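Report on one structure; see the data block that follows.
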Amino acid sequence: MSGRRYERIYAVVSRIPRGRVATYGQVARLAGLAGQARLVGYALSALETGSRIPWHRVVNAAGEISLRQDGGQAGRLQRVLLQRERVRFDARDRISLERFRWRPRS
DNA sequence: CTAGTGACTGTTT
DNA sequence: AAAACAGCCACTA
């Protein structure tokens, strides 16, 4: 099912702590796949419902939730899951990366 | 093998 | 500030 690249991506996403978010590009870089942000989105879309991977902590470079396909259902779920972790959204439905971006040590 | 697609992003209009 | 463009590459048909 999952290739080597997907596993690396999942391993990075799993390290994002509660109350923090990472961007697709950031996850790609940390997984050793610089410049392949789209692959991260592709890998997350392949996750099954109920997966243990904290997929909801990954947002786009603008600090917005990026889920275009599902009519907004999963997007609303992602927002709720993040708000439960006390991640705040502004009036334009954006998260301040300045405040909530995960900054792993080296 | 080729062509189309997409939970993206940095740069340029 | 917002939209268009051009790279990016695994996956599917």
Side-chain angles (χ1 to χ4, degrees):
Chain A
M1 293 275 280
S2 314
R4 188 180 81 261
R5 292 183 173 79
Y6 281 16
E7 294 307 324
R8 295 180 65 89
I9 289 168
Y10 297 148
V12 171
V13 174
S14 297
R15 290 173 49 209
I16 307 173
R18 290 196 65 197
R20 291 278 150 187
V21 299
T23 66
Y24 293 94
Q26 181 182 1
V27 170
R29 252 181 293 110
L30 291 169
L33 302 167
Q36 299 181 63
R38 297 192 74 152
L39 187 55
V40 174
Y42 198 95
L44 294 185
S45 71
L47 288 173
E48 296 171 10
T49 305
S51 166
R52 198 168 67 218
I53 309 291
W55 57 272
H56 60 284
R57 297 184 186 138
V58 183
V59 299
N60 69 28
E64 305 168 317
I65 287 172
S66 295
L67 292 174
R68 310 178 181 181
Q69 288 249 60
D70 58 358
Q73 295 302 318
R76 279 192 285 281
L77 171 61
Q78 180 170 9
R79 180 176 178 131
V80 169
L81 291 175
L82 286 174
Q83 289 179 320
R84 266 184 208 162
E85 302 181 354
R86 319 189 89 170
V87 171
R88 314 234 312 236
F89 288 77
D90 66 18
R92 290 183 184 177
D93 295 323
R94 291 186 310 191
I95 296 166
S96 167
L97 294 178
E98 185 75 18
R99 293 174 53 187
F100 296 103
R101 184 200 288 271
W102 173 43
R103 293 185 173 76
R105 302 176 181 180
S106 85

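Here is the naming used below: chain letters follow the sequence lines, and residue numbers restart at 1 for every chain. From a predicted model like this one, the values you see are computed outputs, not experimental measurements. Just the heavy atoms: all of them, side chains too, but no hydrogens, waters or symmetry mates, feed the values below.
In this structure, Gln26(A) atom CD and dG10(B) atom P are separated by 11 Å, rounded to whole Å. Going from atom CD1 of Ile9(A) over to atom P of dC9(C) covers 12 Å, rounded to whole Å. Residue Ile95(A) contributes atom CD1, which lies 14 Å from atom C1' of dA7(B) at whole-angstrom precision. If you measure from atom CD of Gln36(A) to atom P of dC11(C), you get 11 Å, rounded to the nearest angstrom. Atoms CG (Asp93(A)) and P (dA2(C)) sit 13 Å apart, rounded to a whole Å. Rounded to a whole Å, the CZ atom of Arg38(A) is 12 Å from the P atom of dC9(C). Remark: C1' of dC8(B) and CG of Leu33(A) are 13 Å apart, rounded to the nearest angstrom. If you measure from atom CG of Leu44(A) to atom P of dA10(C), you get 16 Å, rounded to the nearest angstrom.
Closest to the Arg92(A) side chain, of the nucleotides dA1(C), dA7(B), dA10(C), is dA1(C). Each of dA7(B), dA10(C), dG6(B) was ranked by its minimum atom distance to the side chain of Tyr24(A); first place goes to dA7(B). Nearest to the side-chain atoms of Trp55(A) among the listed nucleotides dG10(B), dC9(C), dA7(B) stands dA7(B). For Ser45(A), counting side-chain heavy atoms from C-beta on, the closest listed nucleotide (dG6(B), dT9(B), dA7(B)) is dA7(B). Which of dT9(B), dA7(B), dG6(B) sits closest to the side chain of Ala37(A) comes down to dT9(B). Residue Asn60(A) places its side chain closer to dT9(B) than to any other of dG7(C), dA7(B), dT9(B).
Although no hydrogens or angles enter the test, the distance criterion places no donor-acceptor pair under 3.5 Å between the side chain of Tyr24(A) and the main chain of Leu39(A).
A 6.0 Å sphere centred on CZ of Arg103(A) holds more than 12 heavy atoms belonging to other residues, nucleotides or ligands.
Considering only side-chain N and O atoms, Tyr6(A) lies under 4.0 angstrom from the phosphate OP1 or OP2 of dC11(C). Phosphate proximity of dA10(C) to Arg5(A): present, with a side-chain N or O under 4.0 Å from OP1 or OP2.
Looking at heavy-atom distances under 4.0 Å, Leu39(A) makes contact with sugar-phosphate atoms alone, never a base.
A cation-pi arrangement is found for Arg79(A) relative to Phe89(A), the charged atom lying closer than 6.0 Å to the ring centre and inside a 45° cone about the ring normal.
With 3.5 Å as the limit, one finds no donor-acceptor pair spanning the side chains of Arg5(A) and Gln36(A).
Taking the charged nitrogens against the carboxylate oxygens, Arg57(A) and Glu85(A) do have a contact shorter than 4.0 Å, which makes a salt bridge.
Each of Tyr42(A) and Gly35(A) was assigned the nucleotide of DNA chain C with the nearest heavy atom; the assignment lying further toward the 5' end belongs to Gly35(A).
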